[in-house]
Amino acid sequence: MNKLILCGACLVCVMLILVGCGSSVGEKATQYNFKQGTPELNVQLFDNAPPEKIYPKSSFKFIVELDNQAAYDVSNGKLSIIGLDTTYFTVSPKEQTFEPLLGRSLTSPAGDKIFVEFDGESHNLFHGSEQYSGNFILKAEYASTMEFVDTVCINPNLYDVYDAGCAVEETKSYSGQGAPLTVTRVEEIITPGSFPEIEFRLFLSNSGQGNVKDVTFMNAELGGKRIECQFQGSVDTRKFTLKETDSEIVLICKKQIMENLDSYMTTLSADFAFTYESVDQHSLTLVK
Amino acid sequence: MGLTKAVSVGAGVREGLSQAAGALKASSFLLMILGISHYLLRIFNFNIVLIHISSLILFVIAGYALASKVEKDKAAILLPMLFFVIWYYAFQASIGIPFIFYFVGICIFLLVLLGGLTKGKTVQPELYGFIPVIFLFLDIGLIPFLVENLHLQITPLVESLALYMPWWAFLGLMTLPLGENKGTNALISIARIAGILYIVSILVIPTIPGVGYDDAQSLIPEADEFEAAQARLREKIPKGENPAWSNLACIFSGRYADVAECVKERQELSELKDFCETVGQIDPKDTENFNKCIENERTKKTQAAFQVVGAVDRELKPSKFMFVIDKDFAVTDTFLSLGTPQYRINFEYENPLKQELTAEFSCHFTQSGTTKVEGKVSPATAVLIAEKRSESVTCEPSGELSPGQYNVVYTAQLKNVKTSAYAVRFFIGATTYEEEVKVINLITEAEGANFKTQYKESQSPSDPVQLIFGYGNPPGEVVISGSKPIEVGVSVKNSGEGKLTAINSYAVTMDGFTGDCLQSTKRISFPLNKTTVRQFGLASCTLSTYPSELKDTFQYEKRTYWADLVYDYVIENNKMSVTVHE
């Protein structure tokens, strides 16, 4: 009997030790970096709303699900249904705004999700026609932000061969910061001399399914101190309006650094705001 | 003695061969001459049976003429021709599976076997045997049949090949063997060059469009169907000047630099002349009025009504009207001694819109194309309200019918037949060029990259008469900018086999738009003469106002507008051949 109790106690102890080795779910959440990858606001039509087949002279609903999977909040949202042939279908309203949606974070790990409704009505088919299929565009426009943070090596004295500090990486690549607008790579250029200067070139591009309409540079810091930046090739140095041909935009940040310092690691951060639109093609089928 | 005999036998053989060569040469020449005659029969629309017999005779002569091209085993040339005749006439061109596999398999086996037995000497004549087969198909109307069944667009090339190609004469010319007489050889060579030039001159103008023929079905029809398709195509194509003649005339008039343009002008002018003479019924001798008519028609062609194009929407059920001879119950032989003969035909119709139509029937008896006796038809009228039905129509002579062969001609005059069409356009408001590009990109996102081509043409069912309309600037442009005036063009196309006798009314339903040509109830009648009016501009105008929500749009507005046309139509059947006995 005593042996049995002893064995049971040992088993419990082993289990406690094993369980004690793993981290809790809460701890995992606190460790999870939401600001990675290229997630965005998912815009999709709810199942069967509108129905697959619509009969003439009937009412139906468009239910649009908006699920913010990005790591940043979405604001100034506008949703519109464009291109429906009013001979066969009418939709009301054609456009509506939606409330701000929180991005994924420690406090809201799933991100905000809402549903937006539009009322639809079908009309008659053309004489003798069995069915009509019409395409339309579900367009979502919104504003969001993106933050870039990384640790970089600064070496003001490039010619010092005895410096045993960090090594400057001329180019670093990134896979995303938790938004469709991403900093894909950063180039670091140090100009040595009596007044050494450091230049960072941040290459931004759209990695999402939709289109980035414009990007506004908000603020950038190097080691907690403000760094001056401006967009390359834009009249407005702080705002870049993208054309169809622009696949990449470049933000150039420059700062003078102290001479005769050893190399050191510091934080480079940059904040951006952008407007974004997603355009999805759908179709409605009117049957007899 | 033996040598003398051998020499005389050799001379006899030589003479025989020379005679045979002469005969073969004669056969090519005969093929050429008969080919021209056959072509003239076709051009002047002689009896289809006569043309068909003539085709078969030329088929045999072609085989014989081609035999001169091979030195040995001339008879082998007949083998593929024989196989074709068996398949086409004995098996009625069956392509049923497994029959076709067995038949083709046996034919190939026999051809290969013969080739093997003769150590390949019969291969050449066997291949030659396929040439008359191809020419027979071409002559009896393969191209028009493909046009009708595979929905090839009637390009100028197809028109030229269908209308102006004397296939048999061409084959005869090409097979003419050269003799020893230099003068004759030169003449033959010149004729061949002329023949090739003729083909080149026909084919010089047209270009072949890149049409896909995905919906092609493998079916070989009977010769009658080929012939009928050829006749229908001839009727559909406006009668212009022979392109070969146009080319020559342009070259000799010194327009070397722009032959193509010159040919186009001459073709257009000849079409206009034909239109004014047959439809406008103006005598060409009345130069002043005739030229005025040509000028008017030419001006009309530049108007919006002529710029619109239409297409068939195969999703829409078409209206159909036709007389069908019921072969199982048709009475072809009647005896006057048994009383007044009566002949029955079925009037079949499809009326998918279930419109209430009236058909007025009539009949008469003809001999060699001229009316001999009027007929009394029963019922005289029918109200067509069903979606699909067959009505029995009986005809009996109203006067005395003497014994002999007649054709019973049935006519149905359909009143107030309605056809509809729709056209899609995209209104983008008055925007800047940059915004316009963005909106067009958005439309492309929704509708696909080829939306401009897809919606350029108005769509209608394949009714006998099609309404074609367009609106925009020009009417064929699918994207309408708010800053431009909107032009509307309406035209009518008779695609059926009957005759369009009147347009009673039409209406383009465009709410909020104002324009002079959007509707009309004025009846336009057409003379029932020999030439059928196939396509013409009905109306064109510029819209004075249109809804403000389309001028100042949110992104873009896609709109479909419908149009209706009410017309009278006449269909005829003259294929019922009957024999009246005492």
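Here is how names work: the chains are called A, B, and so on, in the same order as the sequence lines, proteins then strands, and each is numbered from 1.
A distance of 4.5 Å separates OG1 in T560(B) from OH in Y88(A), rounded to the nearest 0.5 Å. T444(B) contributes atom OG1, which lies 11.0 Å from atom CD of Q281(A) (distance to the nearest 0.5 angstrom). To the nearest 0.5 Å, atom CG of residue D85(A) and atom OH of residue Y561(B) are 9.0 Å apart.
Among the candidates K354(B), K438(B), E315(B), E447(B), the residue making the largest number of heavy-atom pairs closer than 4.5 Å to chain A is E447(B). Interface remark: of the candidates P461(B), A421(B), G448(B), A421(B) forms the most heavy-atom pairs closer than 4.5 Å to chain A.
For S80(A), the part lying under 4.5 angstrom from a heavy atom of chain B is the side chain only. Only the side chain of L353(B) comes within less than 4.5 Å of a heavy atom in chain A; its backbone stays farther off. Using a 4.5 Å cut-off between heavy atoms, Y132(A) contacts chain B through its side chain alone, with no backbone atom that close. Neither the backbone nor the side chain of L138(A) comes within less than 4.5 Å of any heavy atom of chain B. Of the atoms belonging to N441(B), it is side-chain heavy atoms, and not backbone ones, that fall under 4.5 Å from chain A. For chain A, no part of I443(B) is nearby; none of its heavy atoms comes within less than 4.5 Å.
Residues K558(B) and I82(A) fail the side-chain proximity criterion, which asks for heavy atoms closer than 4.5 Å. With a 4.5 Å cut-off on side-chain heavy atoms, K139(A) and Q555(B) count as touching. In this structure, the side chains of E130(A) and K317(B) come closer than 4.5 Å at one or more pairs of heavy atoms.
The two residues A446(B) and N135(A) have their closest heavy-atom pair at O-ND2, 2.9 Å. Counting all heavy atoms, side chain and backbone alike, D564(B) lies closest to H127(A) at OD1-NE2, 3.6 Å. Residues G83(A) and Y556(B) share a closest heavy-atom pair of CA-OH, 3.3 Å.
In the displayed structure, Q44(A) atom CD is contacted under 6.0 Å by more than 12 heavy atoms of other residues, nucleotides or ligands. Atom CD of Q131(A) has more than 12 neighbouring heavy atoms from other residues, nucleotides or ligands inside a 6.0 Å radius. Other residues, nucleotides and ligands contribute over 12 non-hydrogen atoms within 6.0 Å of the CG atom of N450(B). Under a cut-off of 6.0 angstrom, the local environment of CZ in F115(A) is crowded, with over 12 non-hydrogen atoms contributed by other residues, nucleotides or ligands. By the neighbour-count criterion of 12 heavy atoms within 6.0 Å, atom CG of D552(B) is sparsely surrounded, having that number or fewer from other residues, nucleotides or ligands. Annotation: D236(A), atom CG; neighbour count of heavy atoms from other residues, nucleotides and ligands within 6.0 Å is above 12. Heavy atoms of other residues, nucleotides or ligands lying less than 6.0 angstrom from CD1 of I385(B) number 12 at most. Within a 6.0 Å sphere centred on CZ of R238(A), other residues, nucleotides and ligands contribute more than 12 heavy atoms.
Under 4.0 Å is where a charged nitrogen must lie from a carboxylate oxygen, and between E557(B) and K94(A) at least one such pair does.
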T87(A) vs R559(B), test: side chain to side chain donor-acceptor pair (under 3.5 Å). Steps then yes/no. CA-CA 6 Å; T87(A) 317; R559(B) 289 287 163 95; 5.6 Å; no

